[in-house]
Amino acid sequence: MPALIQVNDLRRSFGRVRAVDGLSLSIDAGEVFALVGPDGAGKTTVMRLICGALRADSGSVLLAGEDLARRPEHARANLGYLPQRFSLYGELTVLENLRFFAELRGLPTREWLPRSREILDFVGLADFGERRAEALSGGMKQKLGLAAALVHRPSILLLDEPTGGVDPVTRQSFWQLIIRLLGQGVAVLVSTPYMDEAARCSRVGFMARGQLLLQGRPAEVVRSLQGRILEVKAEPRRRAEELAREVSEVEDVQAFGDRLHLRLRAGAGSGVEQRLAAQFAAGGVECSRMHQVPPNLEDVFIAQLQAEAPVSTVPPVDPDGAHIRNQPQRRAR
Amino acid sequence: MSEAVVVADRLTKRFDGFTAVDGVSFEVHSGEVVGYLGPNGSGKTTTIRMLLGLLLPSDGQARVFGFDSVRQAEAIRARVGYMSQKFALYDDLTAGENLAFYAGVYGVVDARQQRAALDLVGLKGIDGTRASELPIGWRQRLALATAIVHQPSLLILDEPTSGVDPVARRSFWDLIYRLAEDGATVFVTTHYMDEAEYCTRVGIMRRGRLLAMDSPDDLKRNALPGLAWDVYAERMLPALDALQALQGVKRAGLAGDHLRAITGQEGTAAAIEAGLSGHGLQSLRVERTEPTLEDVFLALAGD
């Protein structure tokens, strides 16, 4: 069976900015592909190119085998799209909103009501059909947005940062819905700032400056940092961070909740843990835990960005005019 | 105990027909970084608007630096830096002009103080760039600069990291900590549980009520009624369904690339494994783990 989403060498520039610069990906039925990357990397432009809201300069998009450029109506019939800022009609009820989207999507009149009830049931809004959209909570609006994108039973779903600014309870139930859709054979492309969400996807792609720098199954993607992440729990944490940065094998230090993740240079020897322990002891830091952990996607994300130093990355904080240690060199472009 | 910078005393706000904030009491002490969490619509922003004297409480009162939020709102606002969810920047103005505008509002005439604010947030040399042309991570920092230009000793930040990428988010928190180390007190709302882990104390709101406020460690110890388990199963969806139906499981959900279950104190890995293999689910791994703030949040704020 061919991939439901097939993107080949997609390019789109705005003036001199190459927003999407030779991007290829393919997503099969039942797969979810996570697009992650810094702000301005081109993720939203990719979504807009795939849904046909923007025309590509070159390259192709096939949706369920239909060429978006040649037969846009056929290609888009298979597609549901939840943009970052979706609009609902606040003064219309939940069902009226769905009817609007159903008719827009060409659902026959006799079908819209049973389908709307079915999809409201699926997203957990069955009891709210008569409520005006503006009276829904933030989480419920998000689910209505998803229902609207799904009303015509698309086999392809594009979700542009669907959980940005959404609380953990809503995020949890939103993702349980996505996982259920995969079970029904839908192919999903989702962009997200949450690495824990990317970790549960079939595949993940890191995007920067319009290109996919790296893509693969989450377990493959993190392999590049295998054995190079030390998790440290130490107090006071800020002091521990400073001390760790002074150890030459330590390439970077990041806080993960109440722990620190130390990224070691490739090929760092096993003596580094002892050196760190000595460093902490001498510096008055109490270290209650230090052990190697499997790298996670956020470790990879940070390492990728530091290696690339894309233009859109916020510069390091530099309050004293001094250079911050351990910033990687900007790569010549 | 250090001095209380914020005191909310049975703070209440009723709108027609519903109570947005319902008898909320807490204190924020000098030098603390307090995280304020809750589902969308649970009353976090309404609380903040009352602290700032922008909204009249229906009941109860708030004092900030000892000033009453109703009668002495101006004195409060002169001492507080506030950053709203939607960064309040003028798109047509340059970064420098935005900053000069807010400096003027706060009566800061010293241009050096304005430059210092830009330097502090790491935006030296972008004075001439229009706000609309800045990437979102920079806009976020510019918004912070406008909130700190009058050198406030309390920062109230309402979802400051919404919509920025993971790296920008991290360096924003580095900034918050730098400000806290320089003596600022910080009150911040967020949906990111990893950010909440960085806070001295964390409050969790639900439907207008403050359910708990404590250090992250104490919340995990006291507010989570049971044990946390990581469950690795080959097929996530059937495993999730099976876990949710399993007796003794209080909550089951997705966590990164695996599942997470909360059981009562009597829960065991063997019982979970047995329950799942009863559904024909094989190749399982069940591990007891430490609870996270997300577990606490879902337990308290979930339906």
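The sequence lines fix the lettering, A, B, ..., with proteins before strands; numbering per chain opens at 1. Note that the coordinates shown come from a computational prediction; the quantities given were computed from them, not determined experimentally.
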Review point. In terms of heavy-atom contacts, does CD of A/Q184 have more than 12 from other residues, nucleotides or ligands at under 6.0 Å?
Key: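 Enclosed: over 12 neighbouring heavy atoms sit under 6.0 Å from CD of A/Q184.
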Practice item. Decide if atom CZ of A/R289 counts as having more than 12 heavy atoms of other residues, nucleotides or ligands within a radius under 6.0 Å. Key: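 Enclosed: over 12 neighbouring heavy atoms sit under 6.0 Å from CZ of A/R289.
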Which of the residues [options] is involved in the greatest number of heavy-atom pairs with chain B at under 4.5 angstrom?
| options | result |
| --- | --- |
| A/Q254, A/R259, A/M195, A/R200 | A/R200 |
| A/P193, A/G165, A/G183, A/C201 | A/G165 |
| A/S173, A/A199, A/P168 | A/P168 |

Check your understanding: Who wins among B/S162, B/G41, B/P166 for the most heavy-atom pairs under 4.5 Å with chain A?
Key ->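 Of the candidates given, the most pairs with chain A belong to B/P166.
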Revision key, fill the gap. In terms of heavy-atom pairs under 4.5 Å with chain A, the winner among B/E159, B/M236, B/E181, B/H258 is B/E181
Using non-hydrogen atoms only, which part of [X] is less than 4.5 Å away from chain A: side chain, backbone, both, or neither?
| X | value |
| --- | --- |
| B/R235 | neither |
| B/A255 | backbone |
| B/A299 | neither |
| B/L237 | both |

Ion pair check, [X] and [Y], cut-off under 4.0 Å:
| X | Y | result |
| --- | --- | --- |
| B/E197 | A/R237 | no |
| A/R238 | B/D174 | yes |
| B/D257 | A/R217 | no |
| B/R170 | A/E241 | no |

4.5 Å side-chain heavy-atom contact, [X] and [Y]:
| X | Y | answer |
| --- | --- | --- |
| A/V166 | B/H191 | no |
| B/D194 | A/F256 | no |
| B/E294 | A/R171 | yes |

Practice item. For residues B/G253 and A/Q172, report the shortest heavy-atom separation together with the two atoms involved. Key: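 Residues B/G253 and A/Q172, closest heavy atoms: CA-OE1, 3.2 Å.
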**Study point:** Donor-acceptor under 3.5 Å (B/N40 side chain, A/D167 main chain)
**Key:**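 Between the backbone of A/D167 and the side chain of B/N40 there is a qualifying donor-acceptor contact (under 3.5 Å).
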Chain B contact via [X] - side chain, backbone, both or neither, heavy atoms under 4.5 Å:
| X | answer |
| --- | --- |
| A/P218 | neither |
| A/Q84 | neither |
| A/E197 | neither |

Point to revise | From CA spacing to verdict: side-chain contact (heavy atoms from CB on, under 4.5 Å), A/Q304, B/V167 | key: CA-CA 11 Å; A/Q304 281 285 325; B/V167 172; over 6 Å; no
Practice item. Would you check, one step at a time, whether the test side-chain contact (heavy atoms from CB on, under 4.5 Å) holds for A/I179 with B/L254? Key: CA-CA 10 Å; A/I179 301 278; B/L254 306 164; 3.9 Å; yes
